[in-house]
Amino acid sequence: MKARAFSYFRADTIDQALDAHARAGDDARFIAGGQSLVPALSLRLQAPRLLIDITHIAELRGVCREGDTLRIGALTRHCEMLTEPLIAAFAPLLRAAAPFVAHPAIRNRGTFGGSVALADPASEFPAMTLALDAEIEIAGPSGSRRLKADDFFIDLFETALQPGELITAVHVPLFRSNQRFAFDELARRRGDYALVGCGMLATQTGDRIDDIRISFFSVGNTPTRVKGAETALTGFSLDAARIAAAQAALDNDLAPPESDEVPPMMRLHLARVLLGRLLGRLGEGA
Ligand SMILES: Cc1cc2nc3c(=O)[nH]c(=O)nc-3n(C[C@H](O)[C@H](O)[C@H](O)COP(=O)(O)OP(=O)(O)OC[C@H]3O[C@@H](n4cnc5c(N)ncnc54)[C@H](O)[C@@H]3O)c2cc1C
């Protein structure tokens with residue numbers, strides 16, 4: 001199938017992009033890497049009359065330290081998440097997740113901001129913004145704002161972005177020496193969307209977990225923090241009993257939907273297995 005005819009506008013600044021969107025209203029879409037939007041256009045799942053190309057906007061590029069956070073420009077490509085030294089040093093959880101995002105050809109074009117904006121519940125990066133307690137930097141017709149990732153993902157492919165708003169960057173607290181992270185996913189084949197995936201970031205004093213944020217993907221309509229499991233671990237050293245308590249807490253934390261691919265009980269079982277593995281690695285200092 002071919003996409004419905006559309007007009008194209010190349011924006012060179014954020015203001016130009018916002019103006020173009022304001023003039024076109026609901027019939028416009030920003031396009032970044034195009035790796036999700038172009039297939040959606042081709043399948044006529046989306047049929048906007050105007051595409052606003054944001055890939056030439058310099059303000060959306062680059063990764064830099066800003067105070068105690070790392071500012072990751074929305075146009076940072078998935079492949080750059082693998083190669084950028086600042087990501088490896090200060091956001092290693094994102095570096096760990098990056099090889100699991102799609103295939104090299106898609107990683108060469110797809111963008112971090114596009115992935116977060118799309119909010120696919122099966123995507124790696126949106127879920128990791130939750131584990132990292134990241135903030136989403138947004139520009140829109142009524143000015144700029146920053147929103148905690150915890151408040152950003154609303155429902156299936158639905159975020160707190162208002163019509164015409166653009167993600168300009170994501171701010172991630174800098175990784176510290178008393179922190180540990182772990183990431184993995186279970187998929188039928190490497191590069192496929194995960195059946196279940198999980199990433200976590202723990203702050204520790206010695207062996208004791210002072211704080212832990214654990215986020216799953218492919219388990220529901222949104223990326224999902226598992227607060228019961230987090231509570232079961234906070235203040236304790238990791239041992240088999242603690243890990244079992246965290247796994248048991250998933251029964252309340254997660255409610256996988258019915259799906260043709262994987263029955264909910266199977267997905268919950270996979271989530272427990274994955275959590276156990278990752279906590280085991282965290283305990284070994286992985
Ligand atoms: C075969 C295949 C396999 C894939 N596998 C995976 C996978 O395993 N894991 C995974 O996470 N993803 C996967 N993807 C999706 C891919 O990672 C996309 O690149 C990503 O989801 C969207 O990024 P993009 O830059 O391509 O966005 P686009 O396709 O350009 O845009 C996606 C949506 O986000 C909006 N948008 C884009 N940028 C912004 C912005 N800065 N502000 C506001 N709105 C914006 C667009 O308007 C559009 O609605 C796969 C895609 C394909 C085709």
Side-chain angles (χ1 to χ4, degrees), residues 6-38 40-41 46 48-78 80-81 84 86-87 90-91 94 101 109-120 123-130 132-155 157-174 222-223:
F6 55 81
S7 304
Y8 168 89
F9 174 72
R10 169 182 153 166
D12 290 321
T13 64
I14 292 174
D15 284 346
Q16 283 180 5
L18 298 180
D19 283 353
H21 204 294
R23 275 186 269 111
D26 281 353
D27 259 353
R29 293 285 180 283
F30 299 122
I31 181 160
Q35 298 305 296
S36 295
L37 186 54
V38 170
L41 295 177
Q46 297 218 30
R49 295 195 182 278
L50 175 66
L51 286 189
I52 302 167
D53 183 352
I54 60 171
T55 58
H56 298 272
I57 302 178
E59 301 137 278
L60 304 184
R61 293 202 173 283
V63 179
C64 63
R65 279 181 73 166
E66 221 179 71
D68 54 5
T69 70
L70 193 66
R71 182 184 188 277
I72 304 172
L75 287 180
T76 305
R77 295 188 195 281
H78 303 328
E80 293 173 289
M81 304 294 283
E84 167 57 56
L86 289 173
I87 302 271
F90 296 117
L94 293 176
V101 178
R109 298 293 310 171
T111 66
F112 185 55
S115 177
V116 174
L118 185 65
D120 185 331
S123 275
E124 288 80 3
F125 289 142
M128 293 312 100
T129 64
L130 287 179
L132 289 165
D133 198 15
E135 279 189 5
I136 320 296
E137 182 188 292
I138 298 165
S142 45
S144 297
R145 62 190 180 117
R146 274 163 75 152
L147 202 59
K148 287 265 188 200
D150 276 327
D151 301 320
F152 186 75
F153 302 103
I154 308 286
D155 206 339
F157 295 104
E158 186 188 338
T159 70
L161 280 179
Q162 296 301 306
E165 284 191 322
L166 188 63
I167 295 180
T168 45
V170 176
H171 293 257
V172 175
L174 299 180
T222 59

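Here the structure is a predicted model, which is why all the values come from computation and not from measurement. Basis for what follows: all heavy atoms, side chains included, without hydrogens, waters or symmetry-related copies.
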Okay, side chain of [X], backbone of [Y]: is any donor-acceptor separation there less than 3.5 Å?
{"X": "S123", "Y": "P126", "result": "no"}
{"X": "Q35", "Y": "G33", "result": "yes"}
{"X": "R65", "Y": "L70", "result": "no"}

Taking only residues two or more places apart in sequence or in another chain, which ones pass side-chain hydrogen bond (donor to acceptor under 3.5 Å, both in side chains) with [X]?
{"X": "D155", "result": "N221"}
{"X": "D53", "result": "Y8, T55"}
{"X": "R71", "result": "E137"}
{"X": "E165", "result": "R145"}

Among I54, L51, D19, L50, exactly one meets side chain to side chain contact (heavy atoms under 4.5 Å, CB included) together with F9. Which residue is that?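 Looking at I54, L51, D19, L50, the match for F9 under the side chain to side chain contact (heavy atoms under 4.5 Å, CB included) is L50.
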Option among T69, D133, L94 that satisfies the side chain to side chain contact (heavy atoms under 4.5 Å, CB included) test with V172: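 Result for side chain to side chain contact (heavy atoms under 4.5 Å, CB included) with V172: L94.
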Rounded to the nearest 0.5 Å, how far apart are [atom1] of [X] and [atom2] of [Y]?
{"X": "I72", "Y": "R61", "atom1": "CD1", "atom2": "CZ", "result": "15.0 Å"}
{"X": "L37", "Y": "I31", "atom1": "CG", "atom2": "CD1", "result": "4.5 Å"}
{"X": "I167", "Y": "T159", "atom1": "CD1", "atom2": "OG1", "result": "6.5 Å"}
{"X": "S142", "Y": "Q162", "atom1": "OG", "atom2": "CD", "result": "8.5 Å"}
{"X": "I52", "Y": "I57", "atom1": "CD1", "atom2": "CD1", "result": "9.0 Å"}
{"X": "T111", "Y": "E80", "atom1": "OG1", "atom2": "CD", "result": "10.0 Å"}

Go through the steps for D12 and R10 under the test side chain to side chain contact (heavy atoms under 4.5 Å, CB included), then give the verdict. CA-CA 7 Å; D12 290 321; R10 169 182 153 166; 3.0 Å; yes
Might you point out which heavy atoms bring [X] and [Y] nearest each other, and give the distance in Å?
{"X": "I154", "Y": "A160", "result": "CG1-N, 3.6 Å"}
{"X": "L130", "Y": "P223", "result": "CD1-O, 3.6 Å"}
{"X": "A139", "Y": "I14", "result": "CB-CG2, 3.9 Å"}

What do the steps show when you test T76 against E84 for side chain to side chain contact (heavy atoms under 4.5 Å, CB included), and what is the final call? CA-CA 10 Å; T76 305; E84 167 57 56; 5.9 Å; no
In residues 23-30, what donor-acceptor pairs under 3.5 Å come from side-chain atoms, sequence neighbours left out?
from: D27; atom 1: OD2; to: R49; atom 2: NE; distance (Å): 3.3
from: R29; atom 1: NE; to: Q46; atom 2: OE1; distance (Å): 2.6
from: R29; atom 1: NH1; to: D26; atom 2: O; distance (Å): 3.1
from: R29; atom 1: NH2; to: Q46; atom 2: OE1; distance (Å): 3.4

Yes or no on side chain to side chain contact (heavy atoms under 4.5 Å, CB included) for L166 and I138, after CA distance, side-chain angles and deciding distance? CA-CA 6 Å; L166 188 63; I138 298 165; over 6 Å; no
Applying ring pair (Phe, Tyr, Trp, His ring centres under 6.0 Å), name anything that partners F125, two or more places apart in sequence or on another chain.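 Result, ring pair (Phe, Tyr, Trp, His ring centres under 6.0 Å) vs F125: H78, F112.
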Please step through side chain to side chain contact (heavy atoms under 4.5 Å, CB included) for the pair T129 and F153, ending with a clear verdict. CA-CA 10 Å; T129 64; F153 302 103; 3.4 Å; yes
